[in-house]
There are 2 protein chains.
Amino acid sequence: MTRRAPSIRDVALAAGVSTATVSRTLSAPELVSEKTRESVFEAIRETGYRLNVTARNLRRRKTGAIAVLVPNLSNPFFSRILSGIAEVMSENGFNVLITDTSPLSPDEHRFPEYFSLNQTDGLIVLDGMLSRDLLLNRGAPESRAPMVFACEWIEDIARPRVSVDNREGSALAVQHLAALGHRRIGHIGGPPDNVLTIARKQGTRDALQAAGLPCRAEWVYDGDFTLQSGATAAAHWMASPDRPTAVTCASDEMAMGFIAELYRHGVSVPAEVSVVGFDDLEIAAHFVPPLTTIHQPRADIGRAAARMLLERMATPPQDRNREPVPQVVLPVALVERLSTAPLAGP
Amino acid sequence: MTRRAPSIRDVALAAGVSTATVSRTLSAPELVSEKTRESVFEAIRETGYRLNVTARNLRRRKTGAIAVLVPNLSNPFFSRILSGIAEVMSENGFNVLITDTSPLSPDEHRFPEYFSLNQTDGLIVLDGMLSRDLLLNRGAPESRAPMVFACEWIEDIARPRVSVDNREGSALAVQHLAALGHRRIGHIGGPPDNVLTIARKQGTRDALQAAGLPCRAEWVYDGDFTLQSGATAAAHWMASPDRPTAVTCASDEMAMGFIAELYRHGVSVPAEVSVVGFDDLEIAAHFVPPLTTIHQPRADIGRAAARMLLERMATPPQDRNREPVPQVVLPVALVERLSTAPLAGP
DNA sequence: AGGGGGTATGTAAACGTTTACAAGTGCAGC
DNA sequence: GCTGCACTTGTAAACGTTTACATACCCCCT
């Protein structure tokens, strides 16, 4: 009943040319005379022909897809980055396979089959916690697809990287609070061994020192970027006899979790404690109170990473490590809203 | 320099068998004697062979990928659904291509190339606002890939569907508010022509009527599911001389946008107005105040949709419309938190 | 007239699998 | 000893493109 879909052969037949000419009309039109080109297009219309991308990819020895490894798809932080990536990748004819790398069990990372089967021409890694071996020993050595990091990265893997000025972001947060008169400033960090956590903690410490403010170990709480861990930090804050009057957070979600938990216990923000986030998620502007935070250009991060990968895929493997690997760092900005306020009282 | 990746030929050579035997060892091991099987596996290890999925797909005339059409990737509502889909799809060896269908310009929907080129074996549609033609006329008639709807759907396209009990959800919200003594209950809906908007509005109206409560047209506000539209509804609420004392929303984001905008103008929830959302996003539990809402089993929706699609892909096209198309509707539940309170005063 | 350089096309061999078909073996039943 | 069957394996033809190479033609120059 259901006929085979028309192939390039059928088009060639209909147009009275060879399959080579049809193929050329499609992928290198300048090689084909205008008259022929037109009759080919006409034949394509007639037959309802659609290019079979699988066949093209087989012949060209590439897959036409890239994979992006996301630590946690449920985290709204990544959505914009993903659309940035998808935007430039689909412009360039690539499919984007999105993979959540969150481990199913603590020590077993889930790597989908297509990954080990090197079904992708390239890789964008948003997860800096993946094991080095996992990332490098997949597939045969020569089949290692080009890879770039975005947001997070792994220190001892030398690959192009796009990130954000984390230290500057932390500094902006601290300076803002200092300008409001706060002198006891705490910090809620991400997972202790995460590169972002480290960069932001260090940035916070340095800015505190530069402002001549104390940097007490008992004022920095460890979290894991999630809402829940913000709530946990709030419990610690409330339990502490000697609290900071303001805290900076390494993510908006922790900031919101922190504020909500405080609210539950009748502690009000910013009246009793000022809070600044990091990320500027959409919801930040619509939180209660609207969240003062550090804005990250998320779509730009995605677009930049995609462009970097495109470039790396285009350069032949032997040239890839000629020059130092590119690193772009994008600017951040403080967005003042209502979760921060001048220190009350003298 | 870089040798070709080992192919099935190299394995066959190393194991002293034919390529057919290697192929069978991989995709139909029961046809191969145990001795041979073992030597093939040994040869695979030796050579570092990886299956080339592109070649397999070409030969098998399928792509090994499914696409999912999401109205808006930035909406955190979809993330869990996507992981549910990805979970069962990757278990079954399929890649998942995620596509944001949000129009770039008002009347031009963005359909990535791979879609029109039917590079997918199946389709999960989460967007009920797509045009009928767009969805049905892609590709040649016989190449139409199996399709299922999830969450949203299009009335006059008969396809399997998994949805949620929207009327029940709306009813639960209204009953909860009524039980708290509210008699003036409003509603913030989604885009007017969206199927969910319609179902939830109708459910609200019916529940109101069943409870003997008024259902005033000026108490229902039109939104579009976004935070911003919730804020806009708040402006209308505040401007109204004769306000409802409680509102139900067709999405959590609108509920939060509503509350935040009220907060900005000094109106407090739930003291002055009770609010119930719909979705139960992660953030709902950590909002200020924590949001009373209707829980949707989002991961289950994704998993169910994926399983339906798998089944539909497995049944030959001519059998596909034998029986009535399956429809599963999953249950919802009210989650009471702090954004609703008994009506103050008599 | 012969040669050189484009330009436009065709021929046919890949790309790496899967699978219909054929063929070989061993064994049971007669 | 022959037939038939079950089980393994091999042979070779697809799947639908792209592309190196060959060819044909036209035009211009000497």
Side-chain angles (χ1 to χ4, degrees), chain A residues 2-40 43-44 47-64 93 113-114 117-119 121 139-140 142-143, chain B residues 2-40 43-44 47-64 93 113-114 117-119 121 139-140 142-143:
Chain A
T2 96
R3 280 196 309 297
R4 249 177 54 269
S7 83
I8 207 172
R9 270 200 130 72
D10 304 303
V11 177
L13 222 60
V17 299
S18 74
T19 60
T21 301
V22 177
S23 174
R24 280 191 281 252
T25 309
L26 259 29
S27 40
E30 70 280 7
L31 294 182
V32 177
S33 77
E34 188 171 334
K35 234 177 49 182
T36 314
R37 232 183 296 159
E38 267 166 28
S39 65
V40 169
I44 288 180
T47 54
Y49 168 74
R50 302 272 143 152
L51 178 69
N52 180 321
V53 187
T54 305
R56 160 183 287 187
N57 287 340
L58 174 58
R59 174 59 222 231
R60 290 195 173 161
R61 307 165 123 245
K62 49 165 225 101
T63 70
E113 207 192 357
Y114 63 74
L117 298 183
N118 52 291
Q119 269 204 67
D121 298 331
E142 55 277 285
S143 75
Chain B
T2 93
R3 280 197 310 296
R4 250 177 53 269
S7 83
I8 208 172
R9 270 200 130 73
D10 303 304
V11 178
L13 222 60
V17 299
S18 72
T19 59
T21 301
V22 177
S23 174
R24 281 191 281 254
T25 309
L26 259 28
S27 40
E30 70 281 5
L31 294 181
V32 177
S33 78
E34 186 170 338
K35 234 178 49 185
T36 314
R37 232 184 297 161
E38 267 166 28
S39 65
V40 168
I44 288 181
T47 54
Y49 166 74
R50 303 272 143 150
L51 177 68
N52 180 321
V53 187
T54 306
R56 161 183 285 188
N57 286 340
L58 174 58
R59 175 58 223 228
R60 289 195 173 162
R61 310 167 119 241
K62 48 163 225 107
T63 70
E113 207 191 358
Y114 61 74
L117 297 183
N118 52 294
Q119 271 203 67
D121 297 332
E142 55 276 284
S143 75

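Naming convention: chains lettered A, B, ... in sequence-line order (proteins, then strands); numbering from 1 in each chain. What you are looking at is a predicted structure, and each value in this text was computed from that prediction instead of being measured.
- For Thr54(A) and dG16(D), the shortest distance from a side-chain N or O to OP1 or OP2 is not below 4.0 Å.
- OP1 and OP2 of dT18(D) both lie 4.0 Å or more from every side-chain N or O belonging to Thr19(A).
- Of all nucleotides listed (dA20(C), dA14(C), dT18(C)), dA20(C) comes nearest to the side chain of Arg24(B).
- If you check distances only, the side chain of Arg59(B) does reach the base of dT18(C) with a donor-acceptor pair under 3.5 Å.
- In terms of modelled atom types and a separation under 3.5 Å, the side chain of Asn57(A) and the main chain of Thr54(A) share no donor-acceptor contact.
- Remark: the backbone N or O of Thr19(A) is not paired with any side-chain donor or acceptor of Ser23(A) at under 3.5 angstrom.
- Scanning atom types as modelled, no donor and acceptor separated by under 3.5 angstrom connect the side chain of Arg50(A) and the base of dG16(D).
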* Step-by-step side-chain hydrogen bond (donor to acceptor under 3.5 Å, both in side chains) determination, Asp121(A) to Thr63(A) -> CA-CA 6 Å; Asp121(A) 298 331; Thr63(A) 70; 3.1 Å; yes
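- Listed candidates were dT9(C), dT18(D), dG16(C). Nearest to the side chain of Arg60(A) is dT18(D).
- For Leu31(A) and dT18(D), the CG to C1' distance is 12 Å, given to the nearest whole Å.
- Put simply, CG on Asn57(A) is 12 Å from P on dT19(D), counting in whole angstrom units.
- Distance OG/Ser18(B) to CG/Leu13(B): 11.5 Å, rounded to 0.5 Å.
- When each of dG16(C), dG10(D), dT9(C) is scored by its nearest atom to the side-chain atoms of Ser18(B), the top-ranked nucleotide is dG10(D).
- Listed nucleotides dG16(D), dT9(D), dG16(C) differ in distance to Thr21(B); the shortest reach to its side chain belongs to dT9(D).
- In this structure, CZ of Arg37(B) is placed 13 Å from C1' of dC7(D), rounded to the nearest angstrom.
- Among the nucleotides dT8(D), dT18(D), dT17(C), the one closest to any side-chain atom of Ser33(B) is dT8(D).
- Going from atom CD of Glu30(A) over to atom OG1 of Thr25(A) covers 10.5 Å, rounded to the nearest 0.5 Å.
- One atom, CG of Asp10(A), and another, C1' of dG16(D), lie 11 Å apart when rounded to the nearest Å.
- The Leu58(A) side chain lies nearest to dG16(C) when the options are dT9(D), dA13(C), dG16(C).
- The nucleotide whose nearest atom lies closest to any side-chain atom of Asn52(A) is, among dT17(D), dG10(D), dA12(C), dT17(D).
- Remark on DNA chain D: of its neighbouring residues Ala55(B) and Glu30(B), the 5'-side contact belongs to Glu30(B), judged by nearest-heavy-atom nucleotide.
- Between the CZ atom of Arg9(A) and the P atom of dT18(D) there is a distance of 14 Å, given to the nearest Å.
- Ser23(A) comes within 4.0 angstrom of a nucleotide base, judged by non-hydrogen atoms across all strands.
- Using a 3.5 Å distance cut-off with no hydrogens or angles, the side chains of Thr36(B) and Ser33(B) do pair a donor with an acceptor.
- Atom CD1 of Ile8(B) and atom C1' of dT19(C) are 12 Å apart (whole Å).
- Rounded to a whole Å, the CZ atom of Arg61(B) is 12 Å from the P atom of dT19(C).
- One can place CD of Glu38(A) at 14 Å from P of dA8(C), the figure rounded to the nearest angstrom.
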